[in-house]
2 protein chains.
Amino acid sequence: MSALSHLTPHQTTVFNLLKTLESEVSAQTLYAELRAQKHRLGLATVYRALKHLQLQGVVQARSLPNGEAVYSLVSEEKHYVTCVKCGTSVPLEHCPIDEQTMPQAVAPHFKIFYHTLEFFGLCSPCLEQETVT
Amino acid sequence: MSALSHLTPHQTTVFNLLKTLESEVSAQTLYAELRAQKHRLGLATVYRALKHLQLQGVVQARSLPNGEAVYSLVSEEKHYVTCVKCGTSVPLEHCPIDEQTMPQAVAPHFKIFYHTLEFFGLCSPCLEQETVT
DNA sequence: ACTAAAATGATAATCATTATCTTAATCACT
DNA sequence: AGTGATTAAGATAATGATTATCATTTTAGT
């Protein structure tokens, strides 16, 4: 990974908090957590910091079906199975992408930072509801 | 694919339009197109129809970074490379998922309808902007 | 210290989606 | 066909995350 361009104190704060978290979080949650830790920054700054870190290739984002985005470090290689009915999202342990074909699959003129892989379907409870109904 | 449960006329209309489209479309676009075709239905009905078709496993959804969702038939096996800066989304021709490991990768108690695979990074123009700046 | 550029805060604006609630259509059964 | 119950639909308000705006503060380089 190339060196990060200079980060402002606030950007560093956001980055550091992300490093301590095990799972993805929304910008709103990050903001609430930082405020709870007595950091004085605005919500817009959190969004801007996340955008900046994304452009640096160190933070990744995933859009949930409910419209909110969740963020995590790029190093967190996690994929998910998501229920299209209730929205439950379960992480996968292993990435089933063929390592050989992956590099060729991406367009030649893109610099790739990360990828997301998600399976969608029905979780057991929702599946039962559907078949019963 | 199991038989679809009964579809209402409006649900059928939405489904049929999706069948004629080559690329993914948002609910808003579907609504505008249907209205342009003199169909009399409400926006909420389009959203409800899409939700219903999703639960049937025949329509898939993908959330874009800007927060809107785009829909397409499940049969459209397309994956994308998306620029984290400008949002440009380019389809891949080939799915690089290892067919062998895929079934084992999904959680045992999920009924899987489809999957999405996306690569994120910077497209050429945006990459140049970043390195220049 | 000084000026230009970048970052920040506060808040308004945007916009897709969902909820609500009333009305209309459909269905099962007699 | 009639009736009551269930489901679908329409219209629109409400929600909520994200972005835009703009005035102010901070930073970097000279």
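Just so you know, these numbers use all the heavy atoms, side chains as well, and skip hydrogens, waters and symmetry mates. The structure presented is a predicted model; accordingly, all values stated were derived computationally and were not measured.
- Atom CG of Leu64(B) is separated from atom P of dT19(D) by 13 Å (rounded to the nearest Å).
- Using a 4.0 Å heavy-atom cutoff across all strands shown, His6(A) reaches sugar-phosphate atoms only and no base atom.
- A salt bridge links Arg62(A) with Glu118(A): the distance from a Lys NZ or Arg NE/NH1/NH2 to an Asp or Glu carboxylate oxygen falls below 4.0 Å.
- Rounding to whole angstrom units, CG of residue Leu50(B) and P of dA16(C) are separated by 14 Å.
- Contacts of Arg40(A) with the nucleic acid, taken as non-hydrogen atoms under 4.0 Å apart, involve only primed sugar atoms and P, OP1 or OP2.
- Judged by the 6.0 Å distance and 45° axis criteria, Lys111(B) is not positioned over the aromatic ring of Phe113(B).
- In this structure, OH of Tyr47(A) is placed 7 Å from P of dT19(D), rounded to the nearest angstrom.
- We find that OH of Tyr31(A) is positioned 15 Å from C1' of dG16(D), with the value rounded to whole Å.
- As rounded to whole Å, 12 Å separates atom P of dG10(D) from atom NE2 of His39(B).
- A cation-pi arrangement is present between Lys19(B) and Phe15(B) under the rule of less than 6.0 angstrom and at most 45 degrees off the ring axis.
- Put simply, His10(A) has no side-chain N or O that comes within less than 4.0 Å of OP1 or OP2 on dA7(C).
- For dA7(C), neither phosphate oxygen OP1 nor OP2 lies less than 4.0 angstrom from any side-chain nitrogen or oxygen of His52(A).
- DNA chain D is contacted by both Tyr71(A) and Gly42(B); Gly42(B) maps to the nucleotide lying nearer its 5′ end (nearest heavy atom per residue).
- Leu43(B) places its CG atom 11 Å from the C1' atom of dA11(D), with the value rounded to the nearest Å.
- Across all strands shown, Glu68(B) has heavy atoms under 4.0 Å from sugar-phosphate atoms exclusively, and none from any base.
- Nearest nucleotide to the Thr8(B) side chain, out of dA16(C), dA9(D), dG9(C): dA9(D).
- Considering only side-chain atoms of Ala44(A), the nucleotide from dT8(C), dA9(D), dA20(D) that sits closest is dA20(D).
- Ring orientation note: the planes of His115(B) and Phe119(A) are tilted relative to one another, at an angle of 30° to 60°.
- Between the CG atom of Leu30(A) and the P atom of dA17(D) there is a distance of 13 Å, given to the nearest Å.
- Note: CG (Asn66(A)) to P (dG16(D)) measures 11 Å, nearest angstrom.
- Closest contact between the side chain of Gln28(A) and the listed nucleotides dT17(C), dT18(D), dT8(C) involves dT18(D).
- For the pair His79(A) (side chain) and Leu117(A) (backbone), a donor-acceptor distance under 3.5 Å is present.
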